[in-house]
Amino acid sequence: MQRYFIDTSIEDARITGEDARHIARVMRMKEGEEIAVVAEKKAYICTISAFEDDEVLVQSTGRTISSPELPVHVTVACGLPKGDKLELITQKATELGMYALLPFEAERSIVKWDTKKGAKKQERLQKIAKEAAEQSHRTHIPVIFEPISFKQLVAQLGKFDAIFIADEEDAKVEKRTRFAEKLKNVYDKKSKSILIIFGPEGGIARKEANALLEAGAQTMSLGPRILRAETAPLYALSAISYEFE
C-alpha cells in the first residue's frame, strides 16, 4: 500500500504537490482506492475521495497501522564525508530507524559545506529521507539538520540520555566491552534518546575523541574491523535495532 505523509491532522487530510501528482499521474489511482496516510506520526488507512486540481482529497476509514518506529530516538552525528556518501547514509539510516541526522565539520573532513548551495543540498537530503521513510513504512521522517561545527556538536551532548562515539582505536584493543553490553545498560535505564557519533573517512581525531569523552560520551565497539564512514552508522543502527526490537 502506497504511503504518504501530510502536515495536517487526519480530519483535514489532503495530499498536495509532488505526492498528489504521483498518485494521479504515476500510480494512476482512482477514487475509492486505499492508501496509507501518515498524520501526526500515526498511519491511517484512507480512501481517495476526490481529485481537485493538484490535490488529492482522502478520507480515513478509521483503521490504523501499527508503528514500526524504534523505541528510542537515535540521532546520527557524522563528520562530513566525501562524495554522495551523506545521501547514502541518509537513505539507509532512515530505513534502519534513524530519528535525525546531524552532520558536523570534523577535523579530518575533506569536504567543506558550501553555504551558498547548502540549503539546496539539505533540501535534497530531506527529500531522500522522506522517500526512504515512505518506502520503509515509517511514521516519522528523520530531520536532516544543517551541518554544525564540532564545538556546536559538543554543546549539544546534554540533550541526549546516552552518547556513543565510534573510535577506530577501540577496534585495535584486544579486550573491549561489546556494544551490545553497553546497549543493555542503556535499555535498563530506559533512555529515550541516543546520539551515535562517527568521524569522516579519516576517523575521529584524537583531540575530538578526548573532548567527547570528557563531555560524557562513551566508546562503542563495532567489532575488530575498521568500517567505512558510510558503513559504521548502519552497523550501529542494526545493533541498536537488534537489542531494542
Side-chain angles (χ1 to χ4, degrees), residues 2-7 17-22 26-27 38 41 68-70 72-150 152-153 156 160 164-168 193-205 208 220 222 225-241:
Q2 292 292 316
R3 177 168 295 220
Y4 301 93
F5 288 81
I6 61 174
D7 296 326
E18 288 186 14
D19 287 341
R21 290 189 287 274
H22 182 266
V26 179
M27 300 304 298
V38 180
K41 300 188 184 298
E69 297 299 323
L70 281 169
V72 290
H73 292 169
V74 183
T75 296
V76 175
C78 60
L80 286 173
K82 294 186 295 184
D84 59 358
K85 292 178 181 179
L86 201 56
E87 294 184 4
L88 176 65
I89 293 171
T90 297
Q91 182 187 62
K92 300 308 178 185
T94 295
E95 293 177 24
L96 290 168
M98 174 181 72
Y99 188 77
L101 178 64
L102 184 59
F104 68 95
E105 297 172 349
E107 180 179 319
R108 295 175 180 171
S109 289
I110 297 174
V111 173
K112 301 301 179 185
W113 188 260
D114 188 338
T115 54
K116 293 182 179 179
K117 300 178 181 179
K120 193 171 183 179
K121 286 184 178 180
Q122 186 180 4
E123 183 180 340
R124 172 166 171 71
L125 291 172
Q126 194 64 67
K127 182 179 180 182
I128 290 172
K130 174 180 177 294
E131 292 173 349
E134 291 171 346
Q135 184 275 326
S136 54
H137 290 193
R138 298 276 305 268
T139 54
H140 168 75
I141 302 173
V143 178
I144 312 301
F145 289 100
E146 183 179 355
I148 60 176
S149 67
F150 178 76
Q152 289 172 316
L153 173 66
Q156 293 199 27
F160 300 91
F164 295 99
I165 61 171
D167 186 354
E168 64 181 43
S193 61
I194 298 175
L195 176 66
I196 49 179
I197 306 171
F198 306 87
E201 287 79 6
I204 293 279
E208 290 175 330
M220 56 179 168
L222 303 182
R225 294 164 295 281
I226 304 301
L227 303 178
R228 287 179 176 271
E230 68 272 27
T231 306
L234 310 183
Y235 182 111
L237 282 165
S238 298
I240 292 171
S241 172

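Residues: numbered from 1 along the sequence shown.
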Look only at the side chain of R3 and the backbone of H137, and say whether a donor-acceptor pair between them is shorter than 3.5 Å.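 Yes, because the side chain of R3 sits within donor-acceptor range (under 3.5 Å) of the backbone of H137.
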When you measure from the side chain of E230 to the backbone of I89, do you find a donor-acceptor pair of N or O atoms at a distance under 3.5 Å?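 Checked: no pair found.
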Just to verify, what does [X] make a side-chain hydrogen bond (donor to acceptor under 3.5 Å, both in side chains) with, not counting sequence neighbours?
| X | result |
| --- | --- |
| E87 | R124 |
| S149 | Q152 |
| H22 | Y4 |
| H140 | K41 |

With the side chain counted from C-beta on, respond yes when [X] and [Y] share a heavy-atom pair under 4.5 Å apart, and no when they do not.
| X | Y | result |
| --- | --- | --- |
| K112 | L80 | no |
| I148 | Q156 | yes |
| M220 | I165 | no |
| V72 | S193 | no |
| I204 | F198 | no |

Euclidean distance, [Y] [atom2] relative to [X] [atom1], rounded to 0.5 Å:
| X | Y | atom1 | atom2 | answer |
| --- | --- | --- | --- | --- |
| C78 | L86 | SG | CG | 5.0 Å |
| I144 | I128 | CD1 | CD1 | 8.5 Å |
| L153 | E208 | CG | CD | 9.0 Å |

Closest contact, heavy atoms only, [X] versus [Y]:
| X | Y | value |
| --- | --- | --- |
| P142 | M98 | CG-O, 3.2 Å |
| L195 | A77 | CD1-CB, 3.9 Å |
| A106 | G79 | CB-CA, 4.1 Å |
| A129 | I141 | C-CG2, 4.1 Å |

Would T75 and I196 count as a side-chain contact (heavy atoms from CB on, under 4.5 Å) here? Give the steps. CA-CA 6 Å; T75 296; I196 49 179; over 6 Å; no
Listed by chain and number, what are the ring pair (Phe, Tyr, Trp, His ring centres under 6.0 Å) partners of F164, not counting sequence neighbours? F179
Set out, in order, the CA-CA distance, both residues' side-chain angles and the distance that settles side-chain contact (heavy atoms from CB on, under 4.5 Å) for H73 and F160, then state yes or no. CA-CA 9 Å; H73 292 169; F160 300 91; over 6 Å; no
Can you sort out the partners of E69 under salt bridge (Lys or Arg N to Asp or Glu O under 4.0 Å), two or more places apart, ordered by chain and number?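 So E69 forms a salt bridge (Lys or Arg N to Asp or Glu O under 4.0 Å) with R138.
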Once side-chain contact (heavy atoms from CB on, under 4.5 Å) is applied, do any residues pair with [X], and if so which ones, sequence neighbours excluded?
| X | result |
| --- | --- |
| Y235 | L222, L227 |
| K82 | I110, V111, E201 |
| L70 | V74, S241, E245 |
| F145 | A100, L102, V143 |

The test is salt bridge (charged side-chain N to carboxylate O under 4.0 Å, His left out); show your working for K127 and E123 and say whether it passes. CA-CA 6 Å; K127 182 179 180 182; E123 183 180 340; over 6 Å; no
Does the side-chain contact (heavy atoms from CB on, under 4.5 Å) test come out yes or no for I197 and V76, once each step is laid out? CA-CA 6 Å; I197 306 171; V76 175; over 6 Å; no
With salt bridge (Lys or Arg N to Asp or Glu O under 4.0 Å) as the rule and sequence neighbours excluded, what pairs involving residues 97-109 come up? E107-K207
What pairs meet the side-chain hydrogen bond (donor to acceptor under 3.5 Å, both in side chains) rule with one or both residues in residues 90-103, with sequence neighbours excluded? none
Go through the steps to decide whether V38 and I6 satisfy the test side-chain contact (heavy atoms from CB on, under 4.5 Å), and finish with yes or no. CA-CA 6 Å; V38 180; I6 61 174; over 6 Å; no
